[in-house]
Structure formats: structure tokens, C-alpha cells
**Q** 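Take a look at this one; I'll ask things after.
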Amino acid sequence: MLVDSHCHLDKLDYEQLHTGIDDVLAKAKARGVEYFLSVGVTLKSFPAMMEMIEPHENVFASCGVHPLDIEAGFDFEQLKTFAQHERVVAIGETGLDYHYQPELAEQQQEIFRQHVRLAVELNKPLIIHTRMAREDTMQILREEGAEKCGGVLHCFTESLEMAKEAIELGFYVSISGIVTFNKASELKHVVSNLPLDRLLVETDSPYLAPIPYRGKQNQPAYVREVAEYIALLKGVSAEEVEKVTTDNFFTLFSLAKR
């Protein structure tokens, strides 16, 4: 059994690729993917995402404002209200992205801090996006006491040193389809050197489809390719990666398997 620990189910192609969320989940289940975390990126889109996943008890949710979406609006009290929904198991996606919007670094940092404070207050783990902001990301997590709630660095593409720092802080590291890309040599090295009991697997669908689907829209069913590639890198069975990463997911988010 596998878990797609990070997907955007409300952003998939329901016009040409899938007939609806039931179709997406059925395709995933056919490949052994049975649980999903649908990640929110704006407050405006959150209610519709929740309405979509509500009938499906094997789909959990997170609530947050992505650092590249802060201009779409951020209201702390609204975030706090949404985050207290019983199906919301994490705060995020939040973090820092200096690759695309370095000019908004200070605003990103302040909103990131507010997410961390809320996660600590509600005792819900964080889902962190970080790109070209290694030092600031870790500094804010430490300064705001993120070790109290824990979390995950999602779609990880940073250094081994940063991954180890995050693990020391009680965080997990989530690996996406990028690890299968030919040019992802640094990430392959990172995965090879991290303990399996601190790893999660994800698709980040509809983005970043793994080989052999690269160039197509990603979907939760493809998390199997990620898990199997990690098994090759670490010299263990795919079954072991499935079991350990699934257990890691349920441990991090304090969930019972249903």
C-alpha cells in the first residue's frame, strides 16, 4: 500500500484526462495507492477543494498559502478557521521561494512565520516549500519553534546538509518524481544517504510526472514510480519502501489507518 503524501487534486485535468475525482482515485487504487493528502495553496480555492474531497475518507487535506500565491490574498484569521477543520491534518503549503519571486522575500518570510506559529498553536505538522532559500527556511523554522509540531520538506531538491538539519528538527523529507530525472544526480545522492524512516513519497500532481511519464500531466497513481526508484537507489525492496513511507505518513500526521 502506498500514500501520495502531496497532491493537488483540485488542479487535475477533469475535462480530458479524468472524468472526476472518483476516476483519479480508482486509477491510483489499481496501482496500490490508497491514501492521499490534497494540499491547499490559496485560501480562495480551499472551500472548493474540501467540497471535492469530502466524500472520500481516504483523502486528507492541508490548508495554507503557497509562497508564490501570497499576492492572491492572505488572511490569518481565515487561515486559522479553515485549518481547524477536522479533515485538515497539516498547515501548508507554505515556505519560501526566492527562485521566482525574490523581490517578495520579506513578505514571504512574514507569512511563513504566521503559518509556523499557527501550526505550533494547533499542533498540526507543516508542509514546507523551499527553493533557493535554504538558510532562511531553516532559520525561521528554528526561531518559531517548528520542532514542536514537526512537518515535511516537500518535493525536496535541496542539499543533503539541509535535509539532515530538517531531520534533526524532527521533520521528514518528501521525494517526488524529480528523483527519476536523468539530471537529478544531487537528489539521487541525497536520497541514497537519508534514512528510509524519515522519507515520504509524493507526486505533487499535476506537476512533475516521473519517468516514464515525464511530459504528461502527473497523477497520484504515478507515486508508485517514485517509490520503486527510491528502492533501487537504496538497494531495498519496493515493498519495504511502500511499508516504511506509508508508516511514516501516518506517524507524522498522527493518523490511524482506516
**Q** Please indicate whether Glu143 has more than 12 foreign heavy atoms, meaning atoms of other residues, nucleotides or ligands, lying under 6.0 Å from its CD.
**A** yes
**Q** Can a donor-acceptor pair be found, under 3.5 Å and without considering hydrogens, that links the side chain of Thr246 to the backbone of Lys243?
**A** no
**Q** Does Leu194 form a side-chain contact (heavy atoms from CB on, under 4.5 Å) with Leu199? I'd like the steps, not just the answer.
**A** CA-CA 8 Å; Leu194 291 180; Leu199 295 182; 4.0 Å; yes
**Q** Which residues pass the side-chain contact (heavy atoms from CB on, under 4.5 Å) test with Leu17, sequence neighbours left out?
**A** Asp13, Gln217
**Q** Under 6.0 Å between ring centres: does that hold for Tyr172 and Phe249?
**A** no
**Q** Residues in salt bridge (charged side-chain N to carboxylate O under 4.0 Å, His left out) with Lys11, at least two apart?
**A** none
**Q** Just by distance, with hydrogens left out, do Asp97 and His66 show a side-chain donor and acceptor under 3.5 Å apart?
**A** no
**Q** Enumerate the salt bridge (charged side-chain N to carboxylate O under 4.0 Å, His left out) contacts for residues 154-171, please, sequence neighbours excluded, ordered by first and then second residue.
**A** Arg134-Glu158, Arg142-Glu165
**Q** Is a side-chain donor or acceptor of Gln84 paired with a backbone partner of Lys80 at a separation under 3.5 angstrom?
**A** yes
**Q** With no hydrogens and no angle check, is any side-chain donor or acceptor of Asn218 less than 3.5 Å from a backbone partner on Tyr207?
**A** yes
**Q** Any non-hydrogen side-chain atom of His129 less than 4.5 Å from a side-chain atom of Cys155?
**A** no
**Q** Tell me if the NZ atom of Lys27 is crowded by more than 12 foreign heavy atoms within 6.0 Å.
**A** yes
**Q** Is it true that the side chains of Ser174 and Glu202 contain a donor and an acceptor less than 3.5 Å apart?
**A** yes
**Q** Mark yes or no for whether Asp197, through its side chain, and Thr245, through its backbone, hold a donor-acceptor pair below 3.5 Å.
**A** no
**Q** State whether the side chain of Lys234 and the backbone N or O of Val191 hold a donor-acceptor pair below 3.5 Å, judged by distance alone.
**A** yes
**Q** Just by distance, with hydrogens left out, do Thr203 and Asp4 show a side-chain donor and acceptor under 3.5 Å apart?
**A** yes
**Q** Can you tell me if Glu34 uses its side chain to pair, donor with acceptor, with the backbone of Val3 under 3.5 Å?
**A** no
**Q** Rounded to the nearest 0.5 Å, what separation is found between the OG1 atom of Thr157 and the CE atom of Met162?
**A** 9.0 Å
**Q** Does Asn193 reach the main-chain N or O of His189 with its side chain, forming a donor-acceptor pair under 3.5 Å?
**A** yes
**Q** How long is the span from the CD1 atom in Ile111 to the CD atom in Gln114, to the nearest 0.5 Å?
**A** 7.0 Å
**Q** Evaluate whether atom CD of Glu103 has more than 12 neighbouring non-hydrogen atoms of other residues, nucleotides or ligands under 6.0 angstrom away.
**A** yes
**Q** If you apply the rule side-chain contact (heavy atoms from CB on, under 4.5 Å), what do you find for Val190 with Val173, and how did you get there?
**A** CA-CA 10 Å; Val190 169; Val173 176; 5.6 Å; no
**Q** Check whether any side-chain heavy atom of Leu233 lies under 4.5 Å from a side-chain heavy atom of Val179, and answer yes or no.
**A** yes
**Q** In Å and rounded to the nearest 0.5 Å, what is the CG to CG distance from Leu25 to Leu9?
**A** 6.5 Å
**Q** Establish, yes or no, whether the cationic atom of Arg198 lies under 6.0 Å from the six-membered ring centre of Phe171 and within 45° of the ring axis.
**A** no
**Q** Evaluate the side-chain proximity of Val24 to Pro220: yes if any heavy-atom separation is below 4.5 Å, no if none is.
**A** yes
**Q** Using modelled atom types only, decide if a donor and an acceptor are shared between the side chain of Lys124 and the backbone of Cys149 within a distance under 3.5 Å.
**A** no
**Q** Tell me whether the rings of Phe250 and Tyr35 are parallel (<30°), tilted (30 to 60°) or perpendicular (>60°).
**A** perpendicular
**Q** Is the side chain of Thr137 donor-acceptor paired with the backbone N or O of Thr130 at a distance under 3.5 Å, no angle test?
**A** no
**Q** For Lys216, give me all partners under side-chain contact (heavy atoms from CB on, under 4.5 Å), at least two apart in sequence or on another chain.
**A** none
**Q** So, do Thr94 and Ile127 sit near enough that their side-chain heavy atoms are less than 4.5 Å apart?
**A** no
**Q** Would you check if the side chain of Lys188 reaches a backbone N or O of Phe181 as a donor-acceptor pair within less than 3.5 Å?
**A** yes
**Q** Could you tell me whether the side chain of Gln219 reaches within less than 4.5 Å of the side chain of Pro206, counting heavy atoms only?
**A** no
**Q** Taking the side chain as every heavy atom from C-beta outward, state whether Leu37 and Phe253 have any atom pair closer than 4.5 Å.
**A** yes
**Q** Under the ring-ring contact (aromatic ring centres under 6.0 Å, His included) rule, what do Phe74 and His115 come out as? Steps first, then yes or no, please.
**A** CA-CA 11 Å; Phe74 177 78; His115 278 82; 5.4 Å; yes
**Q** Please determine if Glu57 and Arg87 form a salt bridge, counting it only when a charged side-chain N lies under 4.0 Å from a carboxylate O.
**A** no
**Q** Check step by step if salt bridge (Lys or Arg N to Asp or Glu O under 4.0 Å) holds for Arg224 and Glu228.
**A** CA-CA 6 Å; Arg224 173 159 295 283; Glu228 290 179 350; 3.5 Å; yes
**Q** Distance check, rounded to the nearest 0.5 Å: Leu187 atom CG versus Ser176 atom OG?
**A** 7.0 Å
**Q** Do Phe112 and Leu141 have side-chain heavy atoms sitting under 4.5 Å apart?
**A** yes
**Q** Sequence neighbours excluded, which residues qualify as side-chain contact (heavy atoms from CB on, under 4.5 Å) partners of Glu225?
**A** Arg31, Pro210, Pro212, Tyr213, Tyr222
**Q** Filter on ring pair (Phe, Tyr, Trp, His ring centres under 6.0 Å), then keep only pairs touching residues 81-106, sequence neighbours left out; what's left?
**A** Phe46-Phe82
**Q** The test is side-chain contact (heavy atoms from CB on, under 4.5 Å); show your working for Glu93 and His6 and say whether it passes.
**A** CA-CA 9 Å; Glu93 181 173 349; His6 190 114; 3.2 Å; yes
**Q** Assess whether side-chain contact (heavy atoms from CB on, under 4.5 Å) is satisfied between Val33 and Met1, documenting all intermediate values.
**A** CA-CA 6 Å; Val33 186; Met1 179 178 68; over 6 Å; no
**Q** Rounded to the nearest 0.5 Å, how far does CG of Leu12 lie from CD1 of Ile21?
**A** 8.0 Å
**Q** Does the side chain of Gln101 reach to within under 4.5 Å of the side chain of Leu68, using non-hydrogen atoms?
**A** yes
